[in-house]
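One-based numbering, in listed order, for ligands and for the atoms of each.
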Amino acid sequence: MNQNIPELYGSLVFNDKVMRNKLPKDVYKALKKTMQNGTHLELDIANSVATAMKEWAVEHGATHFTHWFQPMTGITAEKHDSFLSPVGDGEVIMNFSGKELVKGEPDASSFPSGGLRATFEARGYTAWDPSSPAFLKDKTLYIPTAFCSYTGEALDKKTPLLRSMEALNHQATKLLHLMGHEEVHGVTTTIGSEQEYFLIDKALYRARKDLVFCGRTLFGAAAPKGQEMEDHYFGVLKPRVSAYMHDLDEELWKLGVPAKTKHNEVAPSQHELAPVFETANVAVDHNQLTMEMMKKVADRHNLACLIHEKPFEGINGSGKHNNWSISTDTGVNLLDPGKQPAENTEFLLFLAAVIKAVDDYADMMRVSVASAGNDHRLGANEAPPAIVSVFLGDDLTKVLDAVESGASFKEPEAIQMEIGAHVIPHFMKDNTDRNRTSPFAFTGNKFEFRMPGSSLSVAGPNVVLNTAVAESLEQFCERLAIVPAEERKEAALSLVRESIKAHKRIIFNGNGYTDEWVEEAKRRGLYNLKSLPDALPRFVAEKNIELFTKHHIFTKEEIFSRYDILLENYSKAIHVEAKTMLEMMEKDFLPSLFSYTKELAAAACNKKSLLPSLSTAAEEGILTKLTDLSDRIYLMTDTLKANTAKAESLTDVLESAKYYHEHILQKMDELRKYVDEAEALIPDSYLPYPTYDKILFSV
Ligand code: ADP
Ligand code: MG
């Protein structure tokens, strides 16, 4: 099929082209102004936009509209209303007003609200976010919205993100003005989030309760082959996977999601999709859509897409690299070092601000990626450790060393790559190598935050990053504002020098996977917050509350509500896992194990009654091992059941999360060991669920 991709791209989006066609000129201008500068939109303009949106949507077959929002569940929510409006005599027209576009009133009481539940009424509001384009899906017009309580507290992920983008914009613009860049009227945060996922056969997925209920396997003996051959990463795409990826790309392109790169990842059945970066708010919305479409398209191909951080034990889990930068409205990427970084004062200022921010708020960076799923991944061999540090690379480190010591920095000469085969065209070598082990790495003209898990909304990490950097910039502004304009360049350089000296401990260019680094980090006084219950108390630490309230990102109540929700979600996730494990044991696994041992015992008896001299050593050997294991499994199942009941009685959210961490997860691990050992001794035909070798190598 020959497709015109530029025509297909964004065909389901109420984008600039459609707006220019559909809207009266003055309305278009007013809307653009709102989108670009965040200015308030008058109701008559909203009415006009609503009419155009409806016309366009109906032309494309839509019958409904929905406010689309991102509650604290981490996924999206929607409630559909038809455009239908009765006009008497049993007739209807298709109607959509500015009021309906701007504001919705979903019942907020059934969404997670943490402590806010006690203080607000059930009523909640969704409010149109004109900075993220509306789109069509399933014959419905989707309108991106923020979601707040009756009393105005944010109940979602979008609101704080927008607030943090505003805070960063404000401080960055102020700093640029102080440095003489009056031409800049605003800066935006840009994000490109690389999404990892697993693709497995749908029938096999359905056959595993743990995958269906928990998104990850709770048992499973390792397959004879894992990822040790290093043959999956960037390997040839199998036809089924390739067909899926093409279909997915097209669906995303229609929705205006700029899907760009796709490849096989390290683990068998693991893949990645990376988009071209966009404004943070749109990128976050698009990442949510990407995850949704990944699952939907998989279903069409008889596949299941797993976005959990650790679906399988013993092979890599999945993450979501958050590439982050800031650009001016004049088109300058503020983290682009340019040809002479040592002379680029603005770049150095912004770089120093980021380093300072990550050091001052390393604990919050860790909190922002905390989840039950991600705990299995951080600190394992596929993901950065739970310790936050910054990788700069040799070149940039040399620049900063020179700035710090006041020495002059000599730009390294570009080196031509020589690989010995002369037919290969010449190219220049990059100055800095890559480092895949760092949680927060400078990668040329942006930072890549590698700690977020694959299922996480990246709104959270970017709220922290934006706000922490806004705080650094504000402190820089205060220092520079009292210096006469002509001395500011010099003052900025000494500020950079001072800041680097003060925050050097967060910079680490070595291998983040080693034990030595864990020791070294401890000596440097860096946080190593291994689990969610370890990390969460930092969210409500005085300095962090001060940061978020000062920049109007969260009120104190919003912080405590989020703290509650995160802890509750953690406990709930593990609770569901424990219950799934118990059910799989009692209803499925133990009965299978008993059938097989019964069969073995009968076989041994038959042999003996036929001919007493026949050896039954093999049957007896396996029978003994399996009996021993089934006793252990039974006992551990009982302990897990008792602990789960105890956990249910705990009311303090932190105490409960700690209990789940220390007494439930740990017992689940022990139980799993016995089960996996038994699984390896039981023939597939007896097992109640498909094994790793089938699941991981069937597509
Ligand atoms: P790699 O895969 O080696 O990490 P890529 O060049 O593929 O590097 O980039 C990864 C992601 O970074 C992509 O989503 C890309 O769009 C994004 N990216 C590039 N420049 C920026 C930027 N200025 N701000 C935010 N993200 C960016
Ligand atoms: Mg990357």
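- Phe440 and Phe447 have their aromatic ring centers within a separation under 6.0 angstrom.
- Those atoms of ligand 1 with a heavy atom of Pro275 less than 4.0 angstrom away are 13 (C), 14 (O), 15 (C), 16 (O).
- At a threshold of 4.0 Å, the pair Arg216-Glu309 does not count as salt-bridged, since none of the basic side-chain nitrogens sits closer than that to a carboxylate oxygen.
- The closest approach between any non-hydrogen atom of Val276 and ligand 1 is below 4.0 Å.
- Residues forming a side chain to side chain donor-acceptor pair (under 3.5 Å) with Glu278 (at least two apart in sequence, or on another chain): His286.
- By the criterion of a heavy-atom distance under 4.0 Å, neither the backbone nor the side chain of Leu335 is placed next to ligand 1.
- For the pair Thr190 and ligand 1, the shortest N or O to N or O distance falls below 3.5 Å.
- Atom CD of Gln227 sits about 12.0 Å away from atom OG of Ser269, to the nearest 0.5 Å.
- When heavy-atom distances to ligand 1 are checked against a 4.0 Å cut-off, Glu448 comes that close only through its side chain, counted from C-beta outward.
- Atoms of ligand 1 found under 4.0 Å from any heavy atom of Asn333 (numbered from 1 in listed order, with element): 23 (N).
- Closest heavy-atom approach to atom 16 (O) of ligand 1 within the set Phe277, Trp324, Phe447: this belongs to Phe277.
- Between Ala274 and ligand 1, not a single N/O pair is under 3.5 Å apart.
- A salt bridge links Arg20 with Asp16; the closest basic N to acidic carboxylate O contact falls under 4.0 Å.
- Residue contacts with ligand 1 do not include Thr261, since none of its heavy atoms lies under 4.0 Å from the ligand.
- With a heavy-atom cut-off of 4.0 Å, Lys260 does not touch ligand 1 at all.
- Using a cutoff of 4.0 Å between basic side-chain nitrogens and carboxylate oxygens, Arg497 and Asp401 are not scored as salt-bridged.
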Quick one, Ser325 with Asn333, criterion side-chain hydrogen bond (donor to acceptor under 3.5 Å, both in side chains). Give me CA distance, side-chain angles, the key distance, then yes/no. CA-CA 7 Å; Ser325 191; Asn333 176 353; 2.6 Å; yes

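- With ligand atoms numbered from 1 in the order given, ligand 1 contributes 14 (O), 25 (C), 26 (N) to contacts under 4.0 Å with heavy atoms of Gly192.
- Taking a cutoff of 4.0 Å between a charged side-chain nitrogen and a carboxylate oxygen, Lys262 and Glu272 do not qualify as a salt bridge.
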